[in-house]
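For reference, the structure is listed below as structure tokens.
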2 protein chains.
Amino acid sequence: MENRLERIKKHLHSQSYKLTPQREATVMVLLEHEEDHLSAEDVYLLVKDKAPEIGLATVYRTLELLAELKIVDKINFGDGVSRFDLRKEGAAHFHHHLVCIECGAVDEIEDDLLGDVEKIVERDYDFKIMDHRLTFHGICYRCKSKHETDQKDPTEAQNQV
Amino acid sequence: MENRLERIKKHLHSQSYKLTPQREATVMVLLEHEEDHLSAEDVYLLVKDKAPEIGLATVYRTLELLAELKIVDKINFGDGVSRFDLRKEGAAHFHHHLVCIECGAVDEIEDDLLGDVEKIVERDYDFKIMDHRLTFHGICYRCKSKHETDQKDPTEAQNQV
DNA sequence: ATATTTGCAAATTATTTGCAAGAAC
DNA sequence: GTTCTTGCAAATAATTTGCAAATAT
């Protein structure tokens, strides 16, 4: 954690941005909530615990800056709100998401599912892929198991690829 | 085109919604701009040509209704605006998009690229997929060819899958 | 020292809603 | 005739901006 903050600090400095306490607090919140998908407002409320004097506009500006530097990704799951998601360090690609239409949970998928698909797209559409967004909408395992009382689908064994 | 309007009409009626002139004009605009990715405002301006008395709120309400009926899909490419995209009739899945980060063009991909990926996700994450969103960000073929003066990548033949 | 960054409040943008009038069936 | 739908204007929500004061390097 310390290390990542240090590296982000250097990243900022390398572009001659300053690491102000407000920015540091914002980054810390993101690091501590890596699994979540916080809106700007969410981040603001959490940052206020560490730095009560911070303004919402500063959080917006910081998040935009971090997005510019590719430290976070700005994603949108269809409600009108942008959410901010820390890029995993060293990850070759932006991870994917599973959005449950029943309970609203958002789970992350780290697997590199798109390698082959991207090759096809680059070739067939002559498109140089720089980034991607892949989100599945459906029913998460938690909600599925709640339904289990209804009827059971026997084809649910696990296979390997 | 006539047919599709008729079918959409029936679809509305089947849920006891009426096909008002405003709704019809809105659907017509969407049919005539199937390749585009119009915002609510865009649709509003185009519908006004056909039905000048229409209000923006009605367009919003109609688009939301059409999205509910799965006639259109609401998508968001990262700017703060929702865009509305007609579902191809009979398409088993929602098509994908290529967004050019240079010129802003949005191209559509009809190919079913995610069949295998979805099987993996459903199995490994025990997630029942109902819908998906896949967008690639990068450089489109038009912008790529503008750069061609710089240097040329010889691996650009076209293959079939 | 000085260019960057902040906080606040006001502005902007996208979207939604209340409600009385209008239209479809 | 009654229920659904509309248009307008006002409300809300998310985000951005102007600017003087504060601060990191």
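Within every chain, numbering begins at 1; the chains are lettered A, B, ... in the order of the sequence lines, protein sequences first and strands thereafter. All values below come from the heavy atoms of this structure, side chains included, with hydrogens, waters and symmetry mates left out.
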Between L98(B) and F136(B), is any pair of side-chain heavy atoms under 4.5 Å apart? yes

Donor-acceptor pairs are to be reported for all side-chain atoms of residues 49-69 of chain B against protein atoms at under 3.5 Å, with residues two or more places apart or in another chain.
{"residue": "K50(B)", "atom": "NZ", "partner": "E32(B)", "partner atom": "OE1", "Å": "3.2"}
{"residue": "K50(B)", "atom": "NZ", "partner": "E32(B)", "partner atom": "OE2", "Å": "3.2"}
{"residue": "T62(B)", "atom": "OG1", "partner": "T58(B)", "partner atom": "O", "Å": "2.8"}

Name the orientation class of the two ring planes belonging to H132(A) and H93(A) (parallel below 30°, tilted from 30 to 60°, perpendicular beyond 60°). tilted

Partners meeting salt bridge (Lys or Arg N to Asp or Glu O under 4.0 Å) with D73(A) (sequence neighbours left out): R87(A), R133(A)

Sequence neighbours left out, what passes salt bridge (Lys or Arg N to Asp or Glu O under 4.0 Å) with D36(B)? Give chain and number order. none

Would you call R7(A)-E89(A) a salt bridge at under 4.0 Å N-O? yes

Whole angstrom is fine here: how far is it from CG in L19(A) over to P in dT23(D)? 16 Å

Terminal axis angle for the helix from dA1(C)-dT25(D) to dC25(C)-dG1(D), five pairs an end, nearest 10 degrees: 40°

K119(A): which residues meet the salt bridge (Lys or Arg N to Asp or Glu O under 4.0 Å) condition with it, sequence neighbours left out? D116(A)

According to side-chain hydrogen bond (donor to acceptor under 3.5 Å, both in side chains), who are the partners of H97(B), at least two apart in sequence or on a separate chain? H37(B), D85(B), H95(B)

Once side-chain hydrogen bond (donor to acceptor under 3.5 Å, both in side chains) is applied, do any residues pair with H96(B), and if so which ones, sequence neighbours excluded? none

Identify, residue by residue, the members of residues 36-47 of chain A with a heavy atom below 4.0 Å from DNA chain C, and return them in order of residue number, or none. none

Can you tell me if T20(B) touches the phosphate of dT6(D), counting only side-chain N or O atoms and a distance under 4.0 Å to OP1 or OP2? yes

What's the CZ-P distance between R23(B) and dG7(D), to the nearest Å? 11 Å

In the hydrophobic clustering (ILVMFWY, side-chain contacts below 4.5 Å, transitive), which residues join M130(A), or is it alone? I101(B), I139(B)

Outermost DNA chain C nucleotides near chain A [under 4.0 Å, heavy atoms]: dA3(C) to dC8(C)

Check for me, please, whether Y125(B) and L114(A) land in the same ILVMFWY cluster - side-chain distances under 4.5 Å, paths through other members count. yes

Closest-nucleotide ordering on DNA chain C, the 5'-leading residue of V81(B) and P21(B): V81(B)

Looking at residues 48-69 of chain A, who's got a heavy atom less than 4.0 Å off DNA chain D? L56(A), A57(A), Y60(A), R61(A)

Let me have the donor-acceptor pairs involving side chains of residues 15-22 of chain B, under 3.5 Å, with sequence neighbours excluded, atom names and distances please.
{"residue": "T20(B)", "atom": "OG1", "partner": "R23(B)", "partner atom": "N", "Å": "3.1"}

Donor-acceptor pair, side chain of E122(B) and main chain of I129(B), under 3.5 angstrom: yes

